[in-house]
J.: 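Input: one structure, supplied below.
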Amino acid sequence: MSPTITKSAVFLYLLPRNIAVLLLRAYRMLISPLYGDVCRYYPSCSHFGLQAIQQRGLVLGSALTLRRLGRCHPWARGGVDDVPPVRHQRFRVTTFGFVVMNSDGRA
Amino acid sequence: MDIIGTILWPIKWAIELILVFFHWVWTSIGMDPTAGATWVLAIVGLVIVVRAALIPVFVKQIKSQRKMLEIAPQLKKIQDKYKGKRDQFSREAMSRETMELYKRTGSNPLSSCLPLLLQMPIFFGLFSVLNEAQNSKAGVGPLSSELAAQFGGASLFGIAPLHSSFSSAANAVPQQVSVMIIAVVMVILMTGSQFITQLQIVSKNMSEETKASPTFRQQRILLYLLPLVFAFSGFTFPLGVMFYWLVSNFWTMGQQFIVIRNMPTPGSQAAKAREERLARKGIAQLADGTPDANEPEPEPKPTQRQQPLGKNRSKKKPGKKSPQ
C-alpha cells in the first residue's frame, strides 16, 4: 500500500476517537471547572475517559468510562484507578491529546 | 422512542409530578393557577426537592472531611515530599499518593461524580418538559394537557413567558424586549452567584499548600473566564430552565457558606477565622480545630489534655458516650 493511502486510512480510523478527544478536552476546560474537584478517583472520571478513548478507541473507551462513572458514587472508597493497560501501544498521543500515527511511519 | 428519550422518560415523569404537586400546593393556598409566579414557585419547589435529596451525599462528604483531620500528618508528609516540585510528573505522583491515602484511611473528602450525573438529566428533563409544554402538549406523566397549556403560557410578571429564551425573544417579530431584559438580569445573577461560590472556596476554604500549586493558578485564570462562557450558554436556555439553574446556584451558595463557616478545611483562612470565633466564645481550641461545641464529637484520646467545657457541653452527661 502506498504511504498516502495508509496515512489516510489511519486518519479515518482514528477520527472518531479524536473527535471524542476534542469534546472531552472542551468539557475538561470549560465545564469541569464549574464544579471544581469532585471525583473520588485518580485519574478523575473525565481524565479516565480521555485516556480510555485515546488508548482503546471510541467504543471500548466509552464502555470503560461508563463503567467507571458507575463506580464513582459517594459510598465508593475511591483511590487510584487507571485505565487497564494495552499490550501494544500502536499510536502516539500529542500534547493536546490527539491520537496520531507513530512518527516512524509504522502504524 | 430514541435512546435519550427513553433515559429521560422516568426523569421527566418525576419532574412533572413534583411540578404539578407544588403547583397544586400553591393553587390551594389561593394563588392563581395560570400566573407565572405560581409556576416559578413550582420550579423553586423542584429545586428544593432535588437538592434536599442530595443532602445525604453532602453530609457523607462532610463526615469524610472530618476524618481528614486525623490523616493531616500523613497528608503533610506527602506534601512535603513533593514540595517545590512543579513538574507534571511529580504533581501526578502526588495526586496518586494522596488518593491512595484517602482510600486506605477511608477519608475521601470528594463528593464523587454521581450528584453531577444526577443533576444533568434533571436539567435536560426540565428543558424538554418546558419545550413540550410550550406547545400545550401533555407531558409523559402527571402534566395533563390543560396544565401543560397553563405552564407553557405562564409568564413572569405577566410579560415574559417561561418557555422563551433570550435568543427566541431576539428573533421574534416584534422583539420581546422584556424577555431579553429579564434573561440578561438572570444571567448576571447566575454568573454572580457562581462567582461568589467559587471565590468563597478559593479565598477562604483552601489551605496554603493548595493555593501554591500550579493547578490552582490555572483554575484561577479559568475562574475569570467562566462568567463569559456561562453568560453565553445562559442565553439559549428558556427562562424556566434558567430559574431552576439560578435557584440551584443560590442553594449551593448557601450550603457552601454554612460549610465554610462550620466545617472549614484545616489550614485554610476560614479555619483560622473559625478558631478565633470559637476562642472569643470562650471555648478552648486545639491547633487543628476542634469540632463545633454543640455537635457531638468523639471522646478525646487519653493522651490529650482534658478540655475545659463550654457552656453547652458542660450540660452533657460525661458517661453517655462510648470511646471509639
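So that the names make sense, note that chain A is the first sequence line, chain B the second, and so on, each numbered from 1. These numbers come from the heavy atoms of this one structure, side chains and all, not from hydrogens, waters or symmetry mates. Computed from a predicted model, the values in this text were never measured in an experiment.
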J.: From L117(B) CG over to C45(A) SG, what is the distance, rounded to the nearest 0.5 angstrom?
T.: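 Output value for this atom pair is 7.5 Å.
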J.: Can you tell me which portion of E92(B) sits under 4.5 Å from chain A's heavy atoms? Options are side chain, backbone, both or neither.
T.: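 Looking at E92(B), backbone and side chain both touch chain A.
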J.: If we define contacts as heavy-atom pairs under 4.5 Å, which of S46(A), P74(A), P43(A), G70(A) has the most with chain B?
T.: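 Among S46(A), P74(A), P43(A), G70(A), the one with the most close pairs to chain B is P74(A).
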J.: Flag yes if more than 12 heavy atoms outside R77(A) fall under 6.0 Å of its CZ atom; otherwise flag no.
T.: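 Yes, because the 6.0 Å sphere around CZ of R77(A) holds more than 12 heavy atoms from other groups.
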J.: Rounded to the nearest 0.5 Å, what separation is found between the CG atom of L114(B) and the CZ atom of R40(A)?
T.: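 Atom-to-atom, L114(B):CG and R40(A):CZ are 11.0 Å apart.
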J.: How would you list, by chain and number, every residue that makes a ring pair (Phe, Tyr, Trp, His ring centres under 6.0 Å) with F98(A), sequence neighbours excluded?
T.: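 Listed in chain order: F96(A).
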J.: Among S95(B), C113(B), P115(B), single out the residue with the greatest number of heavy-atom pairs under 4.5 Å to chain A.
T.: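 Of the candidates given, the most pairs with chain A belong to C113(B).
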J.: At a heavy-atom separation under 4.5 Å, does D81(A) approach chain B through its side chain, its backbone, both, or neither?
T.: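 No part of it gets close to chain B.
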J.: Going by salt bridge (Lys or Arg N to Asp or Glu O under 4.0 Å), name the pairs with one or both residues in residues 99-108 of chain B, residues two or more places apart or in two chains.
T.: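 Qualifying pairs: none.
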J.: Can you confirm whether D82(A) sits close enough to R96(B) that some side-chain heavy atom of one is under 4.5 Å from a side-chain heavy atom of the other?
T.: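 Answer yes - side chains close enough.
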J.: If you compare all heavy atoms of Y41(A) against all heavy atoms of M99(B), which two are closest, and at what distance to 0.1 Å?
T.: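 For Y41(A) and M99(B), the tightest heavy-atom pair comes out as O-CE, 3.4 Å.
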